[in-house]
4 protein chains.
Amino acid sequence: MVSFESDYIAGAHPEILKRLSETNLESLSGYGNDPYCESAKEKIRKAIGMEDAEVEFLVGGTQANAVIISTMLKDYEGVIAAQTGHVNGHEAGAIEYTGHKVLALPQKEGKIAATDLKQYLADFFGDANHEHMVIPGMVYISFPTEYGTLYSKKELEDLYGICREYEIPLFVDGARLGYGLMSRKNDVSLHDLAALCDVFYIGGTKVGALCGEAAVFTKKNRPKHFMTSVKKRGALLAKGRLLGVQFDTLFTDDLYFKIGTYAIDMAERLKEIFKKHNVELFLESPTNQQFPVLENKVLEKLQKEVAVSFWEKKDEDHTVVRLATSWSTTKEDLEVLDRALGELS
Amino acid sequence: MVSFESDYIAGAHPEILKRLSETNLESLSGYGNDPYCESAKEKIRKAIGMEDAEVEFLVGGTQANAVIISTMLKDYEGVIAAQTGHVNGHEAGAIEYTGHKVLALPQKEGKIAATDLKQYLADFFGDANHEHMVIPGMVYISFPTEYGTLYSKKELEDLYGICREYEIPLFVDGARLGYGLMSRKNDVSLHDLAALCDVFYIGGTKVGALCGEAAVFTKKNRPKHFMTSVKKRGALLAKGRLLGVQFDTLFTDDLYFKIGTYAIDMAERLKEIFKKHNVELFLESPTNQQFPVLENKVLEKLQKEVAVSFWEKKDEDHTVVRLATSWSTTKEDLEVLDRALGELS
Amino acid sequence: MVSFESDYIAGAHPEILKRLSETNLESLSGYGNDPYCESAKEKIRKAIGMEDAEVEFLVGGTQANAVIISTMLKDYEGVIAAQTGHVNGHEAGAIEYTGHKVLALPQKEGKIAATDLKQYLADFFGDANHEHMVIPGMVYISFPTEYGTLYSKKELEDLYGICREYEIPLFVDGARLGYGLMSRKNDVSLHDLAALCDVFYIGGTKVGALCGEAAVFTKKNRPKHFMTSVKKRGALLAKGRLLGVQFDTLFTDDLYFKIGTYAIDMAERLKEIFKKHNVELFLESPTNQQFPVLENKVLEKLQKEVAVSFWEKKDEDHTVVRLATSWSTTKEDLEVLDRALGELS
Amino acid sequence: MVSFESDYIAGAHPEILKRLSETNLESLSGYGNDPYCESAKEKIRKAIGMEDAEVEFLVGGTQANAVIISTMLKDYEGVIAAQTGHVNGHEAGAIEYTGHKVLALPQKEGKIAATDLKQYLADFFGDANHEHMVIPGMVYISFPTEYGTLYSKKELEDLYGICREYEIPLFVDGARLGYGLMSRKNDVSLHDLAALCDVFYIGGTKVGALCGEAAVFTKKNRPKHFMTSVKKRGALLAKGRLLGVQFDTLFTDDLYFKIGTYAIDMAERLKEIFKKHNVELFLESPTNQQFPVLENKVLEKLQKEVAVSFWEKKDEDHTVVRLATSWSTTKEDLEVLDRALGELS
């Protein structure tokens with residue numbers, strides 16, 4: 001049995017475990033006040049090309065979204081997101097739990113179009129009754145999106161231009177950022193990304209870490225007393241070193257990017273395998289998540305050897321499933337899939 | 001420089017790191033649906049002597065308190081805690097963030113007296129206007145308390161008796177449970193504890209783990225759809241294995257208890273050292289936290305060699321500090337402290 | 001200048017003011033514990049034909065929605081509503097403020113179709129990952145809807161049937177209930193309505209009162225300690241008599257229904273006037289709100305004599321506006337409108 | 001049977017009802033955008049001697065407290081209040097519902113001492129761990145307090161001086177402001193009050209109105225998009241005229257102050273009656289609330305003729321009760337009390 005269920009099926013990248021062991025006995029201050037957190041922050045600042053960026057570590061993706069959104073929004077504001085945005089549908093209402101509405105926009109393959117955003121904002125402020133409505137106070141996008149797709153640099157520039165026009169921050173959920181950056185179709189560099197948004201996070205959990213996301217505030221806009229707000233949300237890790245050491249390792253010798261590249265290579269081979277077996281892909285994803293459409297009968301049999309994730313029902317007889325690659329995907333995993341599909345077709 | 005700053009200055013107990021490494025490459029389901037979580041839960045159920053207890057893993061202490069309290073309280077209820085309870089003063093308002101009030105009771109050395117609790121509840125329900133007030137819906141105590149003290153079995157029985165009389169759950173914060181259970185003065189077994197409350201948690205972060213607390217619902221009273229509520233609070237760990245493997249290790253070969261015993265031994269030697277140097281202890285703590293009262297001048301010098309935590313100002317010239325022991329405390333640490341105090345007296 | 005801006009442009013129905021004056025000097029207990037509240041509740045129970053219905057008074061519509069929804073939903077639940085439902089778009093995020101998500105469904109003329117509801121629930125519970133999502137815990141509809149339309153008895157039965165199948169309550173926002181009940185197209189009696197939902201409210205503010213909505217729990221399902229939860233939300237009125245006297249008056253000699261009938265008559269004449277002047281109606285509304293589509297130029301001139309509400313832009317040159325009738329609409333108001341439209345066409 | 005149960009046992013001052021009737025048929029915009037609201041705001045600005053004060057109307061006291069506190073506090077802040085402050089004990093947790101902690105200070109006869117406040121703030125910021133705690137972000141006091149007592153001008157100046165030093169706003173709950181201002185012992189003018197705080201409210205509900213509190217932001221510090229935040233909390237009244245007309249009336253011909261003076265006169269006579277019958281007063285209140293200590297047997301009999309409020313148990317045999325006077329208190333009420341006490345002694 002091999003698994004493509006997600007990009008977090010394995011533990012940590014071995015280099016991370018090694019560094020956790022090497023530093024294990026050092027006596028360090030808690031709550032992020034340790035030299036590994038400092039070093040990791042410094043390396044991230046260098047990687048994004050912004051000396052004064054403010055970096056803060058959080059434990060997981062939903063947590064990062066809720067903490068960042070709720071500390072940056074004002075009382076009367078909500079956050080704009082694609083209908084399919086993770087914050088809108090798959091976080092059990094974590095944003096609403098903080099008292100803020102998610103304002104859903106139409107999407108295409110997981111992406112918001114700049115024209116739709118512009119229209120929404122123009123209509124909103126053109127409505128004479130808008131003070132009775134949730135005021136849009138942030139735009140949330142994910143890079144890659146929940147469908148594995150990417151915004152081009154031009155698309156990002158357009159979205160960010162509108163955000164600046166309306167003076168609302170753009171927040172980029174980078175839970176799988178490494179896979180987006182290293183995609184063969186990507187034209188957005190990490191420097192670009194940092195310049196074209198107000199806050200984003202660098203996903204660790206899904207890119208080799210045991211846990212951890214690095215929130216980056218790029219415009220000297222980290223909310224005041226951020227640590228207190230983090231603690232108030234039950235999101236402050238006592239042994240902050242766990243996050244510091246991991247991100248310090250990920251940003252040493254380009255490990256974060258190497259993991260991204262490796263997983264993208266594996267994903268491209270995955271696509272070839274599906275093509276070879278004439279399996280339709282639900283959409284063209286240039287990153288580490290792939291969405292084949294399988295006949296239900298085929299899926300049932302396949303799952304005896306290959307674990308995949310349910311994505312959505314396509315019709316009575318077909319199901320969209322998701323396969324994800326990561327640093328832990330092996331050639332053998334791909335071979336099992338190839339063989340299994342061969343036997344089923 | 002040695003450190004007694006806290007019981008979470010080191011990484012994980014080496015056995016835990018070893019197990020994390022050994023299991024690192026296994027493909028496992030996320031969110032706690034892995035065999036290590038299952039195994040850890042089973043071992044915990046055995047350790048507490050309750051086959052049907054429901055065990056859930058959370059990442060940290062403040063998070064565990066907020067999740068447990070807010071999912072168990074009803075809309076109109078608040079939680080009773082000692083004035084000095086961690087939830088009342090040291091969690092940045094995490095309970096209030098969930099919309100519930102902490103109802104503070106007087107305390108003595110960190111403990112609530114059963115008579116005070118009884119009086120509070122009698123007065124509350126005797127007040128003709130009580131429907132205009134926050135209705136007490138839970139009692140929170142910590143074992144050990146924030147001052148290192150312990151409730152005796154008799155005291156626990158009395159508190160729990162009152163809770164049962166008023167039909168409100170008793171919740172025991174066991175962030176440092178291992179040190180309480182293994183204290184030489186303790187007469188409460190883990191079986192007793194589980195029987196004498198409705199929910200408690202077994203602290204991992206401060207007792208050898210990198211992170212993690214095991215919430216135990218002892219009366220088949222785990223809130224419905226608990227996982228969804230956990231996710232809604234940003235508290236669901238994607239790689240649940242990180243918690244599962246750690247607790248599985250802690251509850252294999254009594255590691256959790258051995259860590260407790262070792263730290264208690266170190267704490268007893270700590271007390272002897274203070275006694276030897278005629279340093280007053282703020283109170284008599286039978287667990288791994290000790291609270292010496294130091295002259296400010298002495299403290300200033302001591303801190304050049306020994307890191308301790310500020311606790312509170314005693315008067316203009318004296319400060320109460322906290323020293324904590326753990327599995328990572330060494331004989332050498334104690335020797336440095338002993339020598340340093342000798343040179344300062 | 002005459003106004004059709006809303007159905008709350010005037011003060012209270014004169015009979016209400018008269019009763020407020022007559023009872024003004026009586027010494028009464030606060031918070032709803034007065035004989036007028038009791039009497040009003042009793043009259044409402046009779047009017048709906050349910051002796052054991054539980055009636056509670058609240059001050060306004062958004063407040064009623066937020067209080068009812070947030071006290072009835074469980075922690076992990078959200079409320080299903082039409083995309084155009086008042087709670088989804090026009091309450092400034094009041095539901096989200098209570099920590100719960102509004103789950104928006106497609107709508108037609110303001111109404112949810114039973115088939116869409118059924119599909120949504122089937123898809124939701126069919127999704128293997130649904131525990132990571134907001135669990136639907138209530139269905140909210142408005143009667144009349146925000147577009148003035150009505151659910152037929154058959155439609156209500158279908159929706160309620162699905163709710164019962166999934167064991168989630170159906171909540172009917174009756175901010176304009178009087179106009180729905182007395183519509184010439186309506187086939188839902190007040191008895192029907194009470195039987196076909198779990199909770200609804202009888203709008204006072206928009207049907208003759210100064211303020212006030214009467215929440216009716218029809219299945220002995222009023223949340224426990226409701227008054228405390230109401231107070232906690234800042235929604236408890238000290239002088240509860242203000243609500244009691246008003247609803248007692250509205251439900252004496254069928255005043256509530258007479259107000260409804262009168263406004264419906266006025267609305268029908270309004271429609272005739274628009275028809276006469278060849279003004280298109282955005283949709284066919286059988287209640288007291290009408291939505292003509294006006295050329296922007298015409299609208300601009302009309303507003304010098306007749307106040308109406310902006311509803312939405314139709315295209316570059318046309319705007320949908322809303323006119324509402326109420327007990328305070330006069331024949332003279334209609335004549336001014338008729339004449340003004342005549343001069344503009 | 002006469003009643004001194006509270007200062008909101010009657011309806012509205014007759015002049016208010018008269019004005020509500022006179023203006024009843026006027027067509028007015030909703031949500032506070034009517035000329036009566038404007039006029040009332042202007043009169044209040046004149047009365048407090050501040051041309052640029054921002055005035056906003058809310059419906060009730062608990063609501064006003066929750067709206068003002070939660071819109072002014074930052075995410076990580078809590079509000080300091082006396083242990084006996086209304087927000088701390090008698091609002092069912094309405095402040096905590098907004099996610100903020102009430103930080104209780106010791107009190108004497110309902111008042112906070114400047115020295116205690118100063119010490120609290122010095123200790124808080126002197127604590128090395130204060131970023132893990134709720135940061136004090138506002139000071140709440142009531143004038144008069146819940147015990148009917150008043151801060152002197154000197155005491156207010158001292159408190160406000162500390163607030164300015166720490167740059168946190170001072171908020172004065174004026175639910176019974178009229179009775180404080182007109183107390184014979186009071187040396188704080190309305191001009192003084194406005195100058196010596198950042199926000200306060202002028203209580204209507206308890207001083208002659210059917211409902212309504214006028215929040216006054218004195219330092220151009222009204223939270224941005226306040227109306228949206230008010231609506232979000234379910235606190236926006238559709239027929240804002242109900243508040244506008246009432247406050248316009250209260251601030252016409254000094255009605256608000258006349259009501260205050262009358263009630264104070266009645267309260268002074270109340271005190272004399274108790275003195276005459278040798279009934280001990282729990283404390284010396286210079287305002288409209290009086291707190292006699294009665295033997296339980298006496299109380300039981302008295303309540304057959306005179307309604308009073310339970311305040312607190314003093315000992316096994318004695319109870320503290322509260323009597324309040326208002327514009328509706330009559331000489332006959334006092335005579336009944338006098339006679340009843342005479343027959344009981």
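Since this is a predicted model, take the numbers as computed values, not measurements. Chain naming here is simple, since letters A, B, ... match the order of the sequence lines and numbering starts at 1 in each.
Taking OG1 of C:Thr145 as the reference point, atom NE2 of C:His86 lies at 11.5 Å (rounded to 0.5 Å).
Formation of a donor-acceptor pair under 3.5 Å by the D:Lys239 side chain with backbone atoms of C:Gly11 is found in this model. Side-chain N or O atoms of C:Asn288 include one that pairs as donor or acceptor with a backbone N or O of C:Thr325 at under 3.5 Å. In this structure a side-chain-to-backbone donor-acceptor pair under 3.5 Å is missing from C:Glu332 to C:Thr329. In this structure, the side chain of C:Tyr179 does not engage the main chain of C:Ile259 through any donor-acceptor pair within 3.5 Å. D:Thr287 contributes a side-chain N or O that, together with a main-chain N or O of D:Gly148, makes up a donor-acceptor pair within less than 3.5 Å.
Between chain D and the options C:Ala92, C:Ala235, C:Cys211, the largest number of non-hydrogen pairs under 4.5 Å is found for C:Ala92. When each of C:Glu91, C:Arg241, C:Gln63 is checked for heavy-atom pairs under 4.5 Å with chain D, C:Arg241 comes out on top. Contact count versus chain C (heavy atoms, under 4.5 Å) is highest, among D:Leu20, D:Asn24, D:Ile95, for D:Asn24. In terms of heavy-atom pairs under 4.5 angstrom with chain D, the leader among C:Gly30, C:Ala66, C:Ala10 is C:Ala10. Of the residues considered (C:Lys18, C:Lys232, C:Lys231, C:Met227), C:Lys232 shows the highest number of contacts with chain D, using heavy-atom pairs under 4.5 Å. For the set D:Thr205, D:Val230, D:Thr228, the count of heavy-atom pairs under 4.5 angstrom toward chain C peaks at D:Thr205. Interface remark: of the candidates D:Leu210, D:Val59, D:Thr62, D:Leu210 forms the most heavy-atom pairs closer than 4.5 Å to chain C. Per-residue counts of heavy-atom pairs under 4.5 Å with chain C were compared for D:Gly99, D:Ala12, D:Ala64, D:Ser229; the largest is that of D:Ala12. Among D:Ser21, D:Gly61, D:Ala307, D:Pro14, the residue with the largest count of heavy-atom pairs under 4.5 Å with chain C is D:Ser21. In terms of heavy-atom pairs under 4.5 Å with chain D, the best-connected choice from C:Glu26, C:Lys206, C:Arg233 is C:Arg233.
Ring-plane geometry between D:His90 and D:Trp311 is classed as parallel, the angle between the planes falling under 30 degrees on a 0 to 90 degree scale with a further cut at 60. Ring geometry for C:Phe247 versus C:Phe57: interplanar angle under 30°, hence parallel rather than tilted (30 to 60°).
C:Glu15 has no carboxylate O lying under 4.0 Å from a charged side-chain N of C:Arg19, or vice versa, which leaves the two without a salt bridge. Salt bridge annotation for D:Arg339-D:Glu305: present, with a cationic side-chain nitrogen under 4.0 angstrom from a carboxylate oxygen.
For a residue to count as touching a neighbouring chain, one of its non-hydrogen atoms must lie under 4.5 Å from one of that chain's; by this rule D:Glu5 touches chain C with the side chain only. If you measure heavy-atom distances from D:His225 to chain C, you find no contacts under 4.5 Å at all. If you measure heavy-atom distances from D:Thr98 to chain C, the contacts under 4.5 Å come from both the backbone and the side chain. Residue D:Ser6: no heavy atom, backbone or side chain, is found under 4.5 Å from chain C. Using a 4.5 Å cut-off between heavy atoms, D:Leu242 touches chain C through its side chain atoms alone. Contact annotation for D:Ala209: only backbone heavy atoms (N, CA, C, O) come within less than 4.5 Å of a heavy atom of chain C. Residue D:Leu28 touches chain C through both its backbone and its side chain, counting heavy-atom pairs closer than 4.5 Å. Looking at D:Ser27, the atoms closer than 4.5 Å to chain C (heavy atoms on both sides) sit in the backbone and in the side chain alike. For a residue to count as touching a neighbouring chain, one of its non-hydrogen atoms must lie under 4.5 Å from one of that chain's; by this rule D:Ser70 touches chain C with the side chain only. Of the two parts of D:Tyr31, only the side chain, counted from C-beta on, holds a non-hydrogen atom closer than 4.5 Å to a non-hydrogen atom of chain C. Both the backbone and the side chain of D:Ala238 come within less than 4.5 Å of a heavy atom in chain C.
Counting heavy atoms of neighbouring residues, nucleotides and ligands inside a 6.0 Å radius, atom CD of D:Glu22 exceeds 12 of them.
For the side-chain contact (heavy atoms from CB on, under 4.5 Å) test with D:Leu323, the passing option among D:Leu337, D:Asp7, D:Asp333 is D:Leu337; the others fail.
Proximity of the aromatic rings of D:Phe226 and D:Phe217 is defined here by a centroid distance below 6.0 angstrom, and this criterion is met.
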